[in-house]
*Asks:* 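Dropping the structure in here first, questions after.
Small disclaimer: the values here were computed from a predicted structure and weren't measured. Quick note on labels: first sequence line is chain A, next is B, and so on, each numbered from 1.
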Amino acid sequence: MIPSSFDYVKASTVDEAVAALTAAGEDAKVLGGGQSLLPVLRLRLNSPSVLVDVSEVDEMRQVTDEGSALLVGAAVTTYEVMHHDLVTAHVPLLAQTAALVADPAIRHRGTFGGSCTHADPSGDMPTVARVLDAEFVVAGPGGRRTVPAADFFVDFFTTAVGPDEVLVAVRLPKMGGWGSHYEKFHRTAQAWAIVGVAAAVRVEGGTIAEARVALTNMGATPIRAASVEAALTGGPATAEAIAAAAESAADGTSPTSDTHADAEFRRHLARVLTKRAVTKAAGL
Amino acid sequence: MTETVMRTDGAAIGRADRRKEDARLLTGRTNWTDNIQLPGTLHMATLRSSMAHAKILRIDTSAALALEGVLHVYTGRDFPELAGSTCVWPVTDDIRMSHYPAICTDEVKYAGDVVAVVIANDRSVAADALDLIDVDYEHLPAVVDMEEALKPGAPLVHADMGTNECYVARMPCGDYEAVKARADVVVKRRFINQRLIPNPMEPRSVVAAPMGMSDEITLWSATQIPHVLRVLLALLTGIPENNIRVVAPDVGGGFGAKLQIYREEVLALVLAKRLGKPVKWTETRSEHMVATHHGRDQIQDIELAVTKDGTILGMKVDLLADMGAYLQIITPGTPLLGMFMYSGIYKMEALDFTCTGVYTTKTPTDAYRGAGRPEATYAIERIVDEAAAELGMEPMEFRRKNWITHEEFPYTQIAGLTYDTGNYEAATARAIELFGYDELRAEQKARRESGDPVQLGIGISTFTEMCGLAPSRTLGALKYVAGGWEHCTIRALPTGKIELVTGTSPHGQGHETAWSQIASDIIGVPVEDIEVVHGDTGRAPYGMDTYGSRSLAVGGQAIKLAGERLVEKARLIAAHQLEANPDDIEFTAGTYSVKGDPEKSTTIQAVAFEAFTAHNLPDGMEPTLSGESTVDPLDFSYPHGTHLAAMEVDTETGKVTLRKYVAVDDCGVQINPMIVEGQVHGGLAQGIAQAMYEGALYDNDGNLLTGSMGDYLLPSAADLPSFVTDRTVTPSTTHPLGTKGIGEAGAIASTPAIINGVVDALRPLGVTDVFMPASPQNVWRAIQNAQAGGAR
Ligand SMILES: Cc1cc2nc3c(=O)[nH]c(=O)nc-3n(C[C@H](O)[C@H](O)[C@H](O)COP(=O)(O)OP(=O)(O)OC[C@H]3O[C@@H](n4cnc5c(N)ncnc54)[C@H](O)[C@@H]3O)c2cc1C
């Protein structure tokens with residue numbers, strides 16, 4: 001369809017972007033790669049009067065090594081995330097997941113920050129951010145603040161980023177010593193996840209010393225499977241123990257029903273996929 | 001990828017020439033209808049009902065009219081009598097025919113029905129204006145489920161009809177009840193052939209423009225049927241047919257969805273005439289999902305009566321076919337195109353066919369790649385697998401025991417069709433060899449024994465279909481109101497170039513290349529000197545257009561005859577020029593020479609020039625050189641083939657993966673094997689998509705739940721394996737070129753192959769059917785239900 005008309009501002013710095021948003025009021029929207037926002041506009045689900053394009057803000061296009069963490073700019077594309085040397089070396093889970101997002105055309109335009117801020121419950125990148133306890137650097141008229149992943153994802157398509165704020169970058173801890181895997185379940189190659197599971201485990205001498213598991217599309221936001229994590233931690237890194245722990249993967253979740261799967265099937269998938277994700281993360 | 005030998009030299013027929021038209025089609029630098037920009041164009045946008053069924057109480061257009069750039073807003077009151085589409089196939093004497101308004105007057109009958117039309121001087125303004133039109137509706141109950149719709153007291157789609165039953169068509173062949181009484185086993189199944197949304201790459205688009213000071217209006221449309229459309233537009237609008245020129249410029253796919261007359265075409269024509277300016281409308285993808293006709297949508301109750309030793313005695317077919325809210329061009333006839341094909345390739349003594357057409361408050365259905373034959377093929381190929389399973393027979397053995405053997409052709413089957421030729425044994429043998437049938441059966445056994453969570457199934461489809469529509473008398477007997485002939489004129493221009501005017505209307509099939517190849521062999525000019533003219537009632541006045549795998553099967557015959565007539569006339573001129581008796585003139589590769597005196601010769605190009613100057617023609621001969629033919633085919637054509645699918649099914653998640661697909665088709669003589677290959681690949685993708693991905697879903701209020709491609713899944717190349725294809729060649733004996741059709745075969749054959757494979761994988765778990773599409777959830781539920789002891 002055809003969007004209603006809007007003004008377009010191309011920002012070259014974060015400050016410029018924030019200023020443009022502030023000037024436009026509630027009605028403005030940040031434009032990243034446009035892969036989610038443009039469909040929203042074309043379907044006339046939203047009609048902002050101004051779009052502030054941040055896709056070429058230099059600061060937001062960088063991946064920086066901070067020692068124990070990587071700072072990934074919000075305007076880095078999904079394709080760049082997939083291939084960036086720092087990402088593949090230190091946060092391989094993010095690179096592996098990026099490769100499963102949509103199709104090559106969309107990966108070349110869509111941004112990591114846009115994925116997170118769009119906060120689609122079936123998005124893959126938010127789940128990775130959540131499982132790694134990432135930190136989100138957000139800039140607004142009052143300066144910059146850092147929001148932990150647990151507080152960033154608020155509801156369906158809703159994050160802690162205010163209407164006059166820009167997500168600048170996401171800080172992800174390096175994962176030396178961890179095994180990880182994202183298990184995505186979808187129907188066609190370029191489709192969204194029906195359910196996805198991100199798992200990261202640290203195995204020490206046959207025992208799972210630490211475990212992190214997060215679920216995609218099992219509720220309004222990516223959620224940590226706390227009871228699975230608890231059941232795994234301190235237990236043996238065996239297929240049987242993992243399968244047993246995965247049985248509680250759907251506990252406390254509230255998945256929706258849609259044309260691809262109803263809630264009951266999603267709960268079933270969460271259990272099967274958690275078993276598979278953790279098994280692969282543990283290198284079994 | 002393919003075993004077919006691709007010749008690129010020698011005679012043109014049979015050569016895998018690159019398609020002439022592809023450079024312009026693939027780059028888009030061509031005449032797509034939406035690329036046509038005429039000065040002063042007005043843009044049309046349609047306001048569509050958000051409700052499935054409602055009374056229109058009031059429409060307030062004032063805010064829309066006040067928007068700058070908006071010129072007019074029309075509602076049903078402005079065109080109270082105008083129909084937006086029509087049905088040319090009243091299949092029974094007592095069928096209940098609907099009136100399809102161009103704009104709804106007082107009631108909407110499906111979500112997507114048109115309630116108002118905006119004309120603006122800019123496309124975006126027209127879209128903005130839609131948001132400003134205020135409609136008050138009074139909700140009426142939706143009619144969604146066909147079985148519910150037929151119950152007494154059900155809410156009615158068309159209140160004046162007093163029922164939702166559109167028609168009941170019966171065709172009893174043989175005495176089914178008698179053979180059933182003799183049967184050892186009667187296998188009964190209910191199959192659901194789900195509703196599909198065609199989704200060609202190019203959405204619909206139309207431009208209508210008054211031509212200067214004349215009375216002519218030219219209408220460009222992304223249509224498959226410019227000729228038929230012209231007649232119907234004249235009938236619906238009252239504009240004289242001779243004042244309407246319809247052009248189908250380059251058209252980007254149709255699959256039956258553009259074998260139609262649509263209200264946007266009618267409205268664009270009427271408004272262009274009324275306003276005296278070009279009017280343009282291009283469908284958005286969201287509109288396509290609701291506003292372009294859908295396909296399939298049948299509930300099939302099938303019985304197969306068999307003996308213990310595996311002989312099929314008879315078949316009973318009882319269909320409910322969803323018409324949607326209104327009848328369009330061949331809505332009621334579409335399920336009946338399959339009527340003759342339920343027995344497939346098998347011999348049987350009786351076939352009892354009944355089809356009930358049902359109105360619902362949904363988008364109208366109509367022809368979609370295969371139109372009736374995919375549904376028939378699905379039913380027969382699924383039920384033979386089920387019968388084999390119930391009898392404990394190997395499914396291919398069961399088929400062998402019942403199919404028509406190659407010695408038995410021509411064979412008149414139970415529904416009365418005479419299959420001219422075929423060789424099911426040869427196609428099957430080749431498919432089994434390419435597939436590695438025995439090895440895959442061994443792997444299946446191993447996986448079953450080890451309890452592998454991923455099970456393997458082998459799906460078989462040994463299909464035939466009827467295509468090449470159609471002998472006109474047969475169509476008349478079926479109450480179809482048009483003929484099935486095709487026309488070709490071949491003109492030699494003074495410079496020796498050739499214009500081949502065809503009545504077929506390609507929309508991706510490569511006619512320009514294939515038709516040139518046929519003509520090149522017959523008249524002996526190089527392929528590149530032949531221009532194929534099509535899809536324009538001004539330049540190609542006669543034609544019945546492209547659908548039903550008819551273009552080569554019927555149109556090809558006209559090319560052959562027209563070419564031969566041209567060659568014959570040229571022979572007389574050549575004989576005159578060479579001072580020889582016409583009987584002594586030989587014609588090879590474009591050269592006429594005197595038998596025994598090859599020095600005395602002339603070329604067809606030289607003859608063309610002589611025919612143009614007319615300085616030295618035989619006495620009494622008319623100048624110019626052309627050949628013309630309008631062919632009514634003797635019979636349908638019957639392509640066939642054996643398709644095999646290896647399906648992996650993850651029993652934990654229900655995920656189905658197509659691992660290997662072998663398609664051995666027999667479409668008779670191949671004009672261009674590369675084009676055949678393309679048709680097979682595309683057809684397979686579409687048939688596989690029905691089995692695995694696609695399906696239009698409605699909620700109980702009649703809202704389409706699959707209104708975007710996020711919900712209505714189409715596979716891409718990444719989802720499909722490399723197909724293994726080959727052909728056996730059993731030429732048709734009723735078609736002079738020996739050709740059959742290949743446009744729909746892949747889509748017809750592959751759907752049951754996939755589902756048979758999925759069911760075969762899961763049969764040890766007690767599964768006997770899986771709803772299409774075989775989505776993870778549908779497969780997982782089938783496993784759960786089987787394990788709980790229920791059906792499906
Ligand atoms: C067909 C298709 C399939 C897809 N499949 C998947 C998939 O499988 N998995 C998946 O995870 N995603 C998928 N996506 C989504 C894709 O990854 C998008 O690119 C992504 O969700 C949004 O990124 P973007 O840069 O395009 O954001 P945009 O579309 O530009 O913006 C999205 C939203 O985020 C806001 N926004 C963007 N950047 C910022 C910022 N820096 N600060 C503040 N707000 C911002 C915008 O205002 C808007 O509300 C798919 C998309 C399509 C079209």
*Asks:* Counting only non-hydrogen atoms closer than 4.5 Å, does A:H260 touch chain B with its backbone (N, CA, C, O), its side chain (CB onward), both, or neither?
*Replies:* both
*Asks:* Examine whether an atom of B:D131 lies under 4.5 Å from a heavy atom of chain A, and if so say whether it belongs to the side chain, the backbone or both; otherwise answer neither.
*Replies:*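 Side chain of B:D131 only, per the 4.5 Å heavy-atom cut-off to chain A.
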*Asks:* Looking at B:R285, I'd like to know if its CZ atom is crowded, meaning that more than 12 non-hydrogen atoms belonging to other residues, nucleotides or ligands lie closer than 6.0 Å.
*Replies:*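 Yes, CZ of B:R285 has more than 12 neighbouring heavy atoms, counting only those of other groups under 6.0 Å.
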*Asks:* Need one label for A:D262: side chain, backbone, both or neither, based on atoms under 4.5 Å from any heavy atom in chain B.
*Replies:*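 A:D262 touches chain B through backbone and side-chain heavy atoms alike.
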*Asks:* Which pair of non-hydrogen atoms, one from B:D719 and one from A:A189, has the smallest distance, and what is that distance?
*Replies:* OD1-N, 2.6 Å
*Asks:* Considering only heavy atoms, which portion of B:L697 lies under 4.5 Å from any heavy atom of chain A: side chain, backbone, both, or neither?
*Replies:*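 The answer is the side chain of B:L697.
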*Asks:* Can you say whether B:S286 sits under 4.5 Å from chain A via the side chain, the backbone, both, or neither, judging by heavy atoms?
*Replies:* side chain
*Asks:* Between the side chain of B:K655 and the main-chain N/O of A:H186, is any donor-acceptor distance below 3.5 Å?
*Replies:*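 Flag set: sc B:K655 to bb A:H186 pair under 3.5 Å.
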*Asks:* Please classify the contact between B:M709 and chain A as side chain, backbone, both or neither, with a heavy-atom cut-off of under 4.5 Å.
*Replies:*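 The answer is neither part of B:M709.
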*Asks:* So, does A:R187 use its side chain to make a donor-acceptor pair with the main chain of B:S775 at under 3.5 Å?
*Replies:* no
*Asks:* Using non-hydrogen atoms and a 4.5 Å limit, figure out which bit of B:D650 sits close to chain A: side chain, backbone, both or neither.
*Replies:* side chain
*Asks:* Can you tell me how far OG1 of B:T706 sits from CG of A:D258, rounded to the nearest 0.5 angstrom?
*Replies:*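 Result: 12.0 Å between the selected atoms.
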*Asks:* Tell me, do B:E652 and A:K275 make a side-chain contact under 4.5 Å, heavy atoms counted?
*Replies:*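 The answer is yes; the side chains approach within 4.5 Å.
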*Asks:* Check the pair B:Q784, A:F265 against side chain to side chain contact (heavy atoms under 4.5 Å, CB included), reporting the backbone distance first and the verdict last.
*Replies:* CA-CA 11 Å; B:Q784 299 295 303; A:F265 184 51; over 6 Å; no
*Asks:* Is any side-chain heavy atom of A:R44 closer than 4.5 Å to one of B:D128?
*Replies:*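 Contact flag for B:D128/A:R44 side chains = yes.
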*Asks:* Using a 3.5 Å distance criterion without hydrogens, assess whether the side chain of B:D711 forms a donor-acceptor pair with backbone atoms of A:T259.
*Replies:*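 Not a single qualifying donor-acceptor pair exists.
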*Asks:* Which heavy-atom pair separates A:T188 from B:P715 by the least distance, and what is that distance?
*Replies:* CG2-CA, 4.1 Å
